[in-house]
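Since the model is a prediction, treat every value here as computed from it, not as a measurement. Numbering of ligands and ligand atoms starts at 1, following listing order.
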Amino acid sequence: MPSQETKNTLDSSLSLSKSLMGAPLGTVPHKSHNDNTKGLNSSSSSSSSSQYHCSSFGDQDIIDDYELAQRKAAEAAWRRYQAVEWLQKMMDQGASESYLLPKQPTEEEFSLALRNGLILCNVLNKVNPGAISKVVENPILTIQSADGAAQSAIQYFENMRNFLVAVGNMKLLTFEASDLEKGGSSAKVVDCVLCLKGYHEWKEAGGIGVWRYGGTVKITSLQKESSSFLSLICSSESTDESIDDSVSSNEYDQQILEFLHISSDILLEESKAADALTFLFDHFGLELLQTYLTDRNGFDQTPLNTMLIDAVLRKVVHDFTRLLTLHGNQLELVLKQSLKGDLDSVSKAEFIEAISKYLKQRICGDSNDFSKLCICGGKSGEIQVTSSQNGNYLERLDHQQKLLEELKSAFQVSSSDAKQVISNWEGEVKRLEHHIQGLEVTSSSYHKVLEENRLLYNQVQDLKGSIRVYCRVRPFLPGQVSGQSTIDYIGENGNIMIMNPHKQGKDARKVFSFNKVFGTNVTQEEVFADTQPLIRSVLDGFNVCIFAYGQTGSGKTYTMSGPDLSTEGTWGVNYRALRDLFEISKSRINFVSYEVSVQMIEIYNEQVRDLLITDGSNKRYPQVLSF
Ligand SMILES: Nc1ncnc2c1ncn2[C@@H]1O[C@H](COP(=O)(O)OP(=O)(O)OP(=O)(O)O)[C@@H](O)[C@H]1O
């Protein structure tokens with residue numbers, strides 16, 4: 001990096017460059033200035049004193065010239081630093097040749113380091129792999145001294161020649177091998193390196209569009225002897241040459257370069273413009289081709305051959321080029337008119353304003369007048385076709401625009417409907433959620449109540465007595481002699497008074513107590529009513545046993561089974577109990593799963609008999625007595 005003082009000098013040089021853009025051209029410094037980087041600090045300070053000294057004498061021209069020369073020297077050094085910085089960056093860290101190139105070399109150091117061509121060839125091979133197939137590696141002698149360099153002249157000449165040929169083939173800025181010798185123009189070498197750097201950066205960025213060095217000129221072969229504008233602005237500034245009147249044209253070119261200084265943003269815009277032109281050609285050029293190929297004269301079946309295809313393609317390109325040329329000419333005419341033909345003293349701002357004005361005119365007035373600019377082989381008919389096609393496109397575009405609007409409004413209606421439905425559903429879901437929560441609360445409280453009820457219910461059953469004895473009085477059977485009944489009295493509290501007609505006095509009557517006594521006229525339903533609550537207790541997990549006891553013919557079977565199974569009204573306790581059992585278990589099916597099994601046995605004469613046996617064996621179980 002330059003020292004602070006040097007940097008200040010460079011900065012001031014740059015700001016001077018800007019201020020020169022609007023300055024009258026042709027001012028030439030009279031004093032030469034030796035471009036020595038290491039002498040920049042001293043030259044900077046000495047120039048300050050000189051400037052002060054000269055101005056005290058009032059010779060402003062001399063001051064300006066000297067200042068300009070100083071600025072050019074600083075700028076040349078700055079460019080050289082840039083070139084060196086890039087070369088060092090491109091060389092591998094620790095490469096043998098990297099130490100040859102100091103960070104801020106003098107012009108002589110710069111030339112000496114590059115003279116053997118080794119750095120240049122290796123860097124070029126990195127930018128463009130394989131550009132130089134063989135690089136002669138013999139750098140040691142060249143750096144020792146100028147004599148050493150001479151000893152390896154043959155080797156480095158080969159490198160340099162290969163480098164210059166390769167750079168020339170790439171259409172980049174080049175220089176003469178002698179420019180690296182004493183008295184040569186190292187500035188050209190710097191230009192070549194910076195040109196290579198620019199090319200490398202463009203390639204690294206993807207290589208989009210057409211690469212132009214400095215944003216002004218497409219690099220082709222550089223004609224040194226050419227005095228054309230292009231070659232002039234391509235030629236390098238020679239700050240190490242003596243600055244006198246003979247280089248006034250160089251000064252002029254330099255200032256033009258500064259005037260046309262184009263930033264990287266504009267380069268990007270240029271690239272976009274190239275893309276736009278490609279799009280334009282794809283869109284209109286190829287449409288033009290289709291128009292030419294459309295059959296209008298009944299030659300649809302005419303076979304095409306390479307020659308015809310080439311001719312048609314050439315015509316399309318030719319017509320398209322003419323269209324662009326017409327635009328260019330029109331632009332030139334309008335600009336000249338706008339600038340009133342006074343092109344000798346036009347400022348950049350005026351030129352830009354004229355272009356803006358032209359653009360506005362095109363947008364406001366002429367943009368629809370496409371037919372004027374369309375060239376279809378000079379045939380007015382084709383122009384009309386293009387105009388009508390253009391009209392059709394506009395109609396179609398309008399139609400599609402309307403359809404699009406309709407679709408848009410339909411979509412908005414559907415969208416709002418959908419939103420309404422969604423919001424309704426959300427409301428409904430919330431309502432259901434609320435309802436379910438209520439049901440959950442009710443359900444849980446219901447189960448609590450149910451449990452309480454179950455406990456209380458069974459407590460009641462228990463309080464009624466875990467063992468209950470009921471007495472049922474059988475009526476006289478048909479055909480029985482209806483003599484006097486021994487039943488004297490049946491009380492409500494479960495007492496029954498039995499009368500013995502064969503006895504007298506207090507022994508004639510005896511009172512027996514039961515839980516309840518059923519008279520002769522009691523129905524099967526009434527008898528079961530007292531037993532029924534116990535069935536629910538069974539399903540609540542309590543053990544219940546109901547059995548009938550009595551002498552033969554007393555009515556046990558009648559009470560427990562009933563006289564007629566086909567008549568539900570006469571069903572006894574067993575059937576009614578089973579019916580309730582199934583009904584209650586069915587009502588609890590969502591909460592409890594029950595298994596019901598039935599066994600029917602008879603104990604008679606101290607023998608147990610299975611009454612549900614179906615094989616007719618009349619099986620007995622004397623061993624069951626053990627339970
Ligand atoms: N409450 C009643 N009302 C009308 N008839 C009855 C009643 N109880 C019993 N009977 C009748 O009395 C008769 C004897 O009854 P049942 O067969 O039920 O007696 P049992 O106690 O079962 O006799 P066993 O022990 O011999 O089997 C039957 O004809 C029956 O229909």
Side-chain angles (χ1 to χ4, degrees), residues 464-502 509-535 538 543-583 596-627:
K464 277 187 177 179
S466 56
I467 298 173
R468 297 178 214 170
V469 182
Y470 295 90
C471 174
R472 186 179 190 182
V473 180
R474 179 178 60 77
F476 287 108
L477 296 172
Q480 272 190 331
V481 179
S482 48
Q484 193 180 354
S485 172
T486 56
I487 307 301
D488 187 41
Y489 171 75
I490 296 172
E492 289 292 321
N493 55 356
N495 290 338
I496 184 170
M497 185 179 280
I498 306 297
M499 184 181 67
N500 187 349
H502 304 292
R509 286 182 174 78
K510 278 196 176 173
V511 176
F512 297 90
S513 290
F514 298 93
N515 283 85
K516 197 168 187 177
V517 178
F518 298 108
T520 53
N521 56 350
V522 172
T523 62
Q524 297 281 67
E525 190 179 356
E526 284 169 323
V527 171
F528 180 67
D530 262 50
T531 318
Q532 194 173 23
L534 296 171
I535 307 305
V538 171
N543 294 321
V544 175
C545 175
I546 306 168
F547 70 92
Y549 176 82
Q551 66 185 73
T552 302
S554 60
K556 302 183 291 291
T557 308
Y558 186 93
T559 299
M560 296 307 286
S561 295
D564 181 10
L565 295 184
S566 60
T567 311
E568 196 174 329
T570 63
W571 278 2
V573 172
N574 285 346
Y575 294 101
R576 288 173 191 270
L578 283 170
R579 184 189 61 190
D580 279 14
L581 208 61
F582 286 115
E583 274 183 2
V596 179
S597 60
V598 175
Q599 191 178 31
M600 195 172 277
I601 57 170
E602 179 190 69
I603 306 172
Y604 181 72
N605 210 10
E606 296 185 352
Q607 280 194 329
V608 181
R609 192 169 55 175
D610 189 345
L611 297 177
L612 295 178
I613 202 125
T614 53
D615 60 359
S617 62
N618 204 11
K619 195 174 177 181
R620 288 191 172 88
Y621 299 92
Q623 69 276 18
V624 180
L625 287 173
S626 60
F627 72 83

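Taking OH of Y470 as the start and OG1 of T559 as the end, the distance is 13.5 Å to the nearest 0.5 Å.
Here L611 pairs with M600, E602, R609 under the side-chain contact (heavy atoms from CB on, under 4.5 Å) rule; sequence neighbours left out.
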Which pairs would a plain distance check flag for residues 510-520, meaning a side-chain donor or acceptor within less than 3.5 Å of a matching protein atom at least two apart in sequence or in another chain?
from	atom 1	to	atom 2	distance (Å)
S513	OG	N495	OD1	2.5
N515	OD1	V469	N	2.7

Donor-acceptor list for residues 575-583 side chains, cut-off 3.5 Å, not counting sequence neighbours:
from	atom 1	to	atom 2	distance (Å)
R576	NE	W571	O	2.7
R576	NH2	E568	O	3.4
R576	NH2	G569	O	2.8
R576	NH2	W571	O	3.4
R579	NH1	E568	OE2	2.8
D580	OD2	Q532	NE2	2.5

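Without hydrogens or angle criteria, K556 side chain to A548 main chain gives no donor-acceptor distance under 3.5 Å.
Within 6.0 Å of the CG atom in N543, the count of heavy atoms belonging to other residues, nucleotides or ligands does not exceed 12.
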Starting from the N and O atoms of ligand 1, collect every protein N/O partner closer than 3.5 Å and put each pair on its own line with the distance to 0.1 Å.
from	atom 1	to	atom 2	distance (Å)
ligand 1	18 (O)	T557	N	3.3
ligand 1	18 (O)	Y558	N	3.1
ligand 1	19 (O)	G555	N	3.2
ligand 1	21 (O)	G553	N	3.3
ligand 1	21 (O)	S554	N	3.2
ligand 1	21 (O)	G555	N	3.1
ligand 1	21 (O)	K556	N	3.2
ligand 1	21 (O)	K556	NZ	3.0
ligand 1	22 (O)	T557	N	3.2
ligand 1	22 (O)	T557	OG1	2.7
ligand 1	23 (O)	G553	N	2.6
ligand 1	25 (O)	K556	NZ	2.8

